Trainee: 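Please read through the structure below; I'll follow up with questions.
Keep in mind that this is a model prediction, so the values were computed, not measured.
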Amino acid sequence: MLRLAWPAFLALVAEPLFLLSDAAVVGHLGTPELAGLGVAAVVLQTVVGLCVFLAYGTTASVARHLGAGDLRGALAQGIDGVWLAVVIGVLATAAGLVLTDPVVALFGVGEEVAGHATTYLRIALLGVTPLLVMLATTGVLRGLQDTRTPLVVAIVGNGANIVLNVVLVFGLDLGIAGSALGSVIAQVGSAAALLWVVVRAARREEASLRPDLPGIRAAGAAAVPLVVRTLTLRAALLVTAYAVATGVDTGEGRTIDVATHQLAMTLWTFLAFVLDAVAIAAQAITGRYLGAGDVAGTRALTRRMVRWGVLTGVVTGVLLAAASPVLGPLFSPDPAVQQALVPVLLVAALGQPVAGVVFVLDGVLIGAGDGRYLAWAGAFVLVAYAPVALLLAALGTGLVGVWVSFCAVFMGARLVALLHRARGEAWLVTGATR
């Protein structure tokens, strides 16, 4: 598990760190350019985030075939996932190019910022298909129990992205368009590298590289529940942000709460990478064990991974609590934000052990191909959480109250739903296919 989780963690962390470098490059062009990048990034991250199933679903299906001793079938499943990524990527790019202007207009930014956002987005959309291919091929390699290759590609590709951004933006004076073009070139190169590894393995096992329509349709059908799950999670985060923004009447207090919430959620997301790395290992190993028909081994492995989740959550929680007094000054010079951040981070620290178990069990059930239950569970959790968060905001409990509801109600409800499923037998379907 550690062999799979450690490289997965480093690969997960690499992406946001290099995105910060992109922002630094564009930020030197000016505030309007940076704001335009922010608008375009929200759109792109939403599209790519909704397609994370290409990695998760492919990991589970490939791992099952691998566990069943069918390496050729595993790679054939992976190739179907790659073709699905191409289809979705082409459609998303075409739709995005047509809808760029009205989508940017929805943000209500000024004409100058909108112009920069439109310029960046129209070029960056050309990298959507390579990004989705990267997700699918990463899922294939994870299913094959290889998390090191995606790590190497992530480091090299994002390093190239930084160099290209600097050269194109400042060396060739292309401005924000150069930043978008550099990112697309790096994404194409990264996708090509991962695709080459997968195609070489498929040829070695004589798996077909041609698009298989029934296989692509099956991959698409299996992805629908995971899309619903992702939508419910994102909706819960939006509800949390809305509750924070509406929980204080005064303009100054609202600004402080929103800024503090953004910092706290950024730190929560970063710590989630640690827990998500364990979940990725859980996806790959669970799929392999169930593919091999080893129910007892799956049960034992799940218990072990849950213990790892608790331990990891305790460690991240203690570190977050200990660092809470000093993290504020690192991110904001505002004393009010610094003061407001400490109690929120203490609440988030208390929620880390629960998050550790939630992330692990989420990975286990994704690895088992139990996406339908995860979709229903996500809807249940959202329905249970949203009224509580909005009620606390209406009662004026403030930022800390909203975060208590986020950790206790949202994460707690997820924990209950996942533990209930894990204790049952319905998800323990063995064999190469579910």
Trainee: So, the side chain of Tyr120 versus the backbone of Gly178: is there a donor-acceptor pair under 3.5 Å, distance only?
Mentor: no
Trainee: Test side-chain contact (heavy atoms from CB on, under 4.5 Å) on Val169 and Val26; report intermediate values, then the result.
Mentor: CA-CA 8 Å; Val169 171; Val26 174; 5.6 Å; no
Trainee: Output yes when a side-chain donor or acceptor of Trp83 lies under 3.5 Å from a complementary backbone atom of Leu209, and no otherwise.
Mentor: yes
Trainee: Just so I know, are the side chains of Leu121 and Val104 near enough to count as touching, which here means a heavy-atom distance under 4.5 Å?
Mentor: yes
Trainee: For the pair Leu320 and Leu327, evaluate side-chain contact (heavy atoms from CB on, under 4.5 Å) and give the outcome as yes or no after the intermediate values.
Mentor: CA-CA 9 Å; Leu320 182 60; Leu327 287 173; 4.0 Å; yes
Trainee: Are the side chains of Ser61 and Tyr56 in contact, using a 4.5 Å heavy-atom criterion?
Mentor: no
Trainee: Please find the pair of heavy atoms, one from Leu415 and one from Val354, that lie closest to each other, and give the distance.
Mentor: CD2-CG1, 4.0 Å
Trainee: Does Leu267 form a side-chain contact (heavy atoms from CB on, under 4.5 Å) with Leu271? I'd like the steps, not just the answer.
Mentor: CA-CA 6 Å; Leu267 291 167; Leu271 292 177; 5.6 Å; no
Trainee: Whether the side chain of Asp146 engages the backbone of Thr149 through a donor-acceptor N/O pair (distance < 3.5 Å, no angle test) should be reported.
Mentor: yes
Trainee: Would you check if Leu29 and Phe170 make a side-chain contact, meaning some heavy-atom pair closer than 4.5 Å?
Mentor: yes
Trainee: Is a donor on one side and an acceptor on the other found under 3.5 Å between the side chain of Ser405 and the backbone of Val402?
Mentor: yes
Trainee: Is the closest side-chain heavy-atom distance between Gln352 and Trp268 below 4.5 Å?
Mentor: yes
Trainee: Can you tell me how far CZ of Arg72 sits from CG of Leu66, rounded to the nearest 0.5 angstrom?
Mentor: 16.0 Å
Trainee: So how far is it from Leu151 CG to Thr138 OG1, rounded to the nearest 0.5 Å?
Mentor: 10.5 Å
Trainee: Taking Gly139's backbone N and O only, do any of them form a donor-acceptor pair with Thr58's side chain (distance below 3.5 Å, no angle check)?
Mentor: no
Trainee: Can you check side-chain contact (heavy atoms from CB on, under 4.5 Å) on Val239 and Tyr385, steps first, answer last?
Mentor: CA-CA 9 Å; Val239 167; Tyr385 167 65; 4.3 Å; yes
Trainee: List the atom of Ala417, the atom of Ala377, and the distance in Å for their closest heavy-atom pair.
Mentor: CB-CB, 4.0 Å
Trainee: For the CG atom of Leu97 and the CG atom of Leu126, what is their distance to the nearest 0.5 Å?
Mentor: 6.0 Å
Trainee: Less than 4.5 Å apart, side chain to side chain, heavy atoms only: is that true for Val381 and Thr232?
Mentor: no
Trainee: Return the minimal non-hydrogen interatomic distance between Ala85 and Leu132, and the atom names on each side.
Mentor: CB-O, 3.5 Å
Trainee: Glu206 side chain to Arg204 main-chain N or O, any donor-acceptor pair under 3.5 Å?
Mentor: no
Trainee: State, yes or no, whether a side-chain contact exists between Ser208 and Ile79 at a heavy-atom distance under 4.5 Å.
Mentor: no
Trainee: Measuring from Leu174:CG to Ser179:OG, what's the distance to the nearest 0.5 Å?
Mentor: 10.5 Å
Trainee: With a 3.5 Å distance limit and no angle check, can you tell me whether Thr137 reaches the backbone of Met134 through a side-chain donor-acceptor pair?
Mentor: yes
Trainee: Does the Asp276 side chain pair with the main chain of Ala279, one donor and one acceptor, at a distance under 3.5 Å?
Mentor: no
Trainee: Answer yes or no: is there a side-chain heavy-atom contact under 4.5 Å between Leu233 and Phe410?
Mentor: yes
Trainee: Does Gln339, at its CD atom, have more than 12 non-hydrogen atoms belonging to other residues, nucleotides or ligands within less than 6.0 Å?
Mentor: no
Trainee: Taking atom CG of Asp370 and atom CG of Leu418, what is their separation to the nearest 0.5 Å?
Mentor: 10.0 Å
Trainee: In terms of side-chain geometry, is the basic nitrogen of Arg122 or Asp101 positioned less than 4.0 Å from the acidic oxygen of its partner?
Mentor: yes
Trainee: Less than 4.0 Å between a side-chain N and a carboxylate O, is that true for Arg64 and Asp70?
Mentor: no
Trainee: For residues Gln77 and Leu75, determine if any side-chain heavy atom of one lies less than 4.5 Å from a side-chain heavy atom of the other.
Mentor: no
Trainee: Test Phe406 against every option in Leu237, Leu392, Val244, Val344 by the side chain to side chain contact (heavy atoms under 4.5 Å, CB included) rule and name the one that passes.
Mentor: Leu237
Trainee: I want to check a possible cation-pi pair here: Arg200 against Trp196, using under 6.0 Å from ring centre and within 45° of the ring axis as the test.
Mentor: yes
Trainee: Give the minimum heavy-atom separation between Thr93 and Leu125, together with the two atoms involved.
Mentor: OG1-O, 3.2 Å
Trainee: Would you say the side-chain atoms of Thr129 pair up with the backbone N or O of Gly89, donor to acceptor, closer than 3.5 Å?
Mentor: yes
Trainee: Give the minimum heavy-atom separation between Glu33 and Ile176, together with the two atoms involved.
Mentor: O-CD1, 3.5 Å
Trainee: Any idea which heavy atoms bring Ala117 and Ala40 closest together, and the distance?
Mentor: O-CB, 4.0 Å
Trainee: Hey, what do you get for OG1 (Thr119) to CG (Leu181), rounding to the nearest 0.5 Å?
Mentor: 12.5 Å
Trainee: Does CZ belonging to Arg234 count more than 12 external heavy atoms closer than 6.0 Å?
Mentor: yes
